[in-house]
Asks: 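Following this message is one structure expressed as structure tokens.
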There are 2 protein chains.
Amino acid sequence: MLIVGERLNTTRRAAADMVARRDAEAVRKEAIRQAEAGAGYIDVNTGTFLAGEGDALRWLVTTVQEAVDVPCCIDSPNPDAIRAALRVHKGRALVNSITGETGRFEALLPLVRGGECSVVALCLDDAGLPASAQDGASKGSRLIDNLLAGGVRIEDIHVDPLVRPIGADPGAALAALGTIRVLKEKYQGSPGLHFICGLSNVSYGLPRRSLLNRTFLVAAMAAGLDGAILDPLDGDLMAMVHAAEAVLGQDPNCRRYLKAHRAGRLG
Amino acid sequence: MLIVGERLNTTRRAAADMVARRDAEAVRKEAIRQAEAGAGYIDVNTGTFLAGEGDALRWLVTTVQEAVDVPCCIDSPNPDAIRAALRVHKGRALVNSITGETGRFEALLPLVRGGECSVVALCLDDAGLPASAQDGASKGSRLIDNLLAGGVRIEDIHVDPLVRPIGADPGAALAALGTIRVLKEKYQGSPGLHFICGLSNVSYGLPRRSLLNRTFLVAAMAAGLDGAILDPLDGDLMAMVHAAEAVLGQDPNCRRYLKAHRAGRLG
């Protein structure tokens, strides 16, 4: 399971403060804690800084990379900020995210073709959010095919089915799970295709969100999700990731599960 | 989700003591606690009493039914004990379990045909335990077809895919999940078919078993499980059942989830 550590996102108050103060020490600590907890990428997002986003993002990438060897997940609504961040990033970043929206697709494709980074592909297009499993799969499939045609390798694509809140639509999580299943089936000849998503949308507006988030994570892993953008310092959530890998046959001889147990990480 | 409360099974020390002492007061309390926690059936199993099993089971059924309105899941390796218990049981019991083993099938079919009870159908036959998803589905499918031919209604059948320990075979849980998926697909024209299983086998021999059990439960519910034999007094497990029903679109407007939250049952 690929874990993208979500804590250095300025929609979080603590991260916004660190970035506003350019507190490199605090950022480095946060990056190290996430990497030590199992993050394979450190998500960096300074979208709340608006006009200052690009400068903030470059600074954040550079500061994170002073501290840890794992690459960044460069997360922005703004293609210019992504381009600026990729210029200073060392190693293979994950770009979060390209979509099927014409403008965004055309702006980002030149940045992600050529194999120097991988990319989150959101099942979203000019017609908007996916309304159902089948609709999400159609949007996803068109986007995947356009990325492949544009020169992106299939193993560099992490499809995000875009989960909506179950509080607003009881079928929202089922639609995301169905999108994963349909696309996994369609591209089964290309086992390199990845699936990723954020967890917290699913529980928006409901109590005990962490319980819903980790429940959704298990269901999504059972459907084929192999990456998630989450808080790796959430012990209950990470314990469930280890348990799900063991249950789903992704952890030979339950070796990682037993190791996490010995390290006191299963609670 | 159908919850079968597993606590009145004499493989549990406390239950064995209650039954050995014929402590009706303790049994009634245990039945009431499970029903109040959401059990739709109270499992009764006195298999450890060997020669005294039939007497013990009849007493247990009668005592449980003095206390609660929910019916019993009559759980025994011994068809004679099941027959004796069914004679004293009021209402529609769940018989646990019929299998594809010739002797057991022939002994139990007369007890479960005719619509007066429902039955757990274990994916097991004369050739033994299922070795894979496809093997489990073949065994299950033959058993279902034989039950239907024998006069059992499809909505009275609760297929148990028979989950083996992942500590012994990393693919064991995947095989059970696959069995459910294949059979659900095969009998999709008959949506009344149910799926049930016990949880604790999956984690046998590993630490933090409850974590693995509830992780498996979510994956199995995502695959189509609609019943489980479990301890309804395990708060973490039941919280996850509520969360999974909400995530999987089985709880319109998250009404039961919110009710459980208000009752302090989500932790």
Side-chain angles (χ1 to χ4, degrees), chain A residues 133 163 165-178 180-181 199 202-203 205-225 236 239-255 257-262 264-267, chain B residues 133 163 165-178 180-181 199 202-203 205-225 236 239-255 257-262 264-267:
Chain A
V163 57
I166 55 171
D169 170 7
L174 278 182
L177 300 177
I180 297 173
R181 265 191 225 104
L199 302 180
V202 76
S203 59
L206 291 169
R208 292 285 283 122
R209 295 186 62 177
S210 61
L211 171 66
L212 291 167
N213 295 350
R214 61 181 183 269
T215 302
F216 172 69
L217 178 62
V218 174
M221 287 174 70
L225 194 84
D236 287 339
M240 197 142 256
V241 169
H242 295 305
E245 289 186 323
V247 162
L248 297 171
Q250 298 167 5
D251 180 9
N253 300 316
C254 301
R255 209 169 289 143
Y257 180 82
L258 292 168
K259 193 176 161 193
H261 173 65
R262 285 191 298 268
R265 290 186 166 186
L266 298 184
Chain B
V163 56
I166 55 170
D169 170 8
L174 279 182
L177 301 176
I180 296 173
R181 265 191 226 102
L199 302 180
V202 76
S203 59
L206 291 169
R208 291 285 281 124
R209 295 186 63 178
S210 61
L211 172 66
L212 291 167
N213 295 350
R214 62 180 182 268
T215 302
F216 173 70
L217 178 62
V218 174
M221 287 175 70
L225 195 82
D236 287 338
M240 197 142 256
V241 169
H242 295 306
E245 289 185 324
V247 163
L248 296 171
Q250 299 166 5
D251 180 10
N253 300 316
C254 302
R255 209 169 289 144
Y257 180 82
L258 291 168
K259 193 176 159 194
H261 174 64
R262 286 191 298 268
R265 291 186 165 185
L266 298 184

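Chain letters run A, B, ... following the sequence lines, proteins first and then strands; every chain starts at 1. Only this structure's heavy atoms are used, side chains among them; waters, hydrogens and symmetry mates stay out.
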Asks: If you take all heavy atoms of B/A173 and A/V247, which pair is closest and at what distance?
Replies: CB-O, 3.2 Å
Asks: Quick one: closest heavy-atom pair of A/A219 and B/V218, and the distance?
Replies: N-CG1, 3.9 Å
Asks: Quick one: which of A/A172, A/A239, A/A243, A/A168 has the most heavy-atom pairs under 4.5 Å with chain B, could you say?
Replies: A/A243
Asks: Please classify the contact between B/L177 and chain A as side chain, backbone, both or neither, with a heavy-atom cut-off of under 4.5 Å.
Replies: side chain
Asks: Which heavy atom in A/L258 sits nearest to a heavy atom in B/P207, and how many Å separate them?
Replies: CD2-CD, 3.5 Å
Asks: Check each atom of B/R181 against the heavy atoms of chain A and say whether the ones under 4.5 Å are side chain, backbone, both or neither.
Replies: side chain
Asks: How long is the gap from CG on B/L212 to CG on A/L266, to the nearest 0.5 Å?
Replies: 8.0 Å
Asks: How long is the span from the CZ atom in B/R214 to the OG1 atom in A/T215, to the nearest 0.5 Å?
Replies: 9.5 Å
Asks: Give me the atom names and distance for the closest heavy-atom approach of A/C254 to B/L206.
Replies: SG-CD1, 3.8 Å
Asks: For A/H242 and B/R208: C-alpha separation, side-chain torsions, deciding distance, then whether side chain to side chain contact (heavy atoms under 4.5 Å, CB included) applies.
Replies: CA-CA 11 Å; A/H242 295 305; B/R208 291 285 281 124; over 6 Å; no
Asks: To the closest 0.5 Å, what do you measure between CG (A/N253) and CD1 (B/I166)?
Replies: 11.0 Å
Asks: In terms of heavy-atom pairs under 4.5 Å, which option from B/G267, B/A222, B/G171, B/P252 contacts chain A the most?
Replies: B/G267
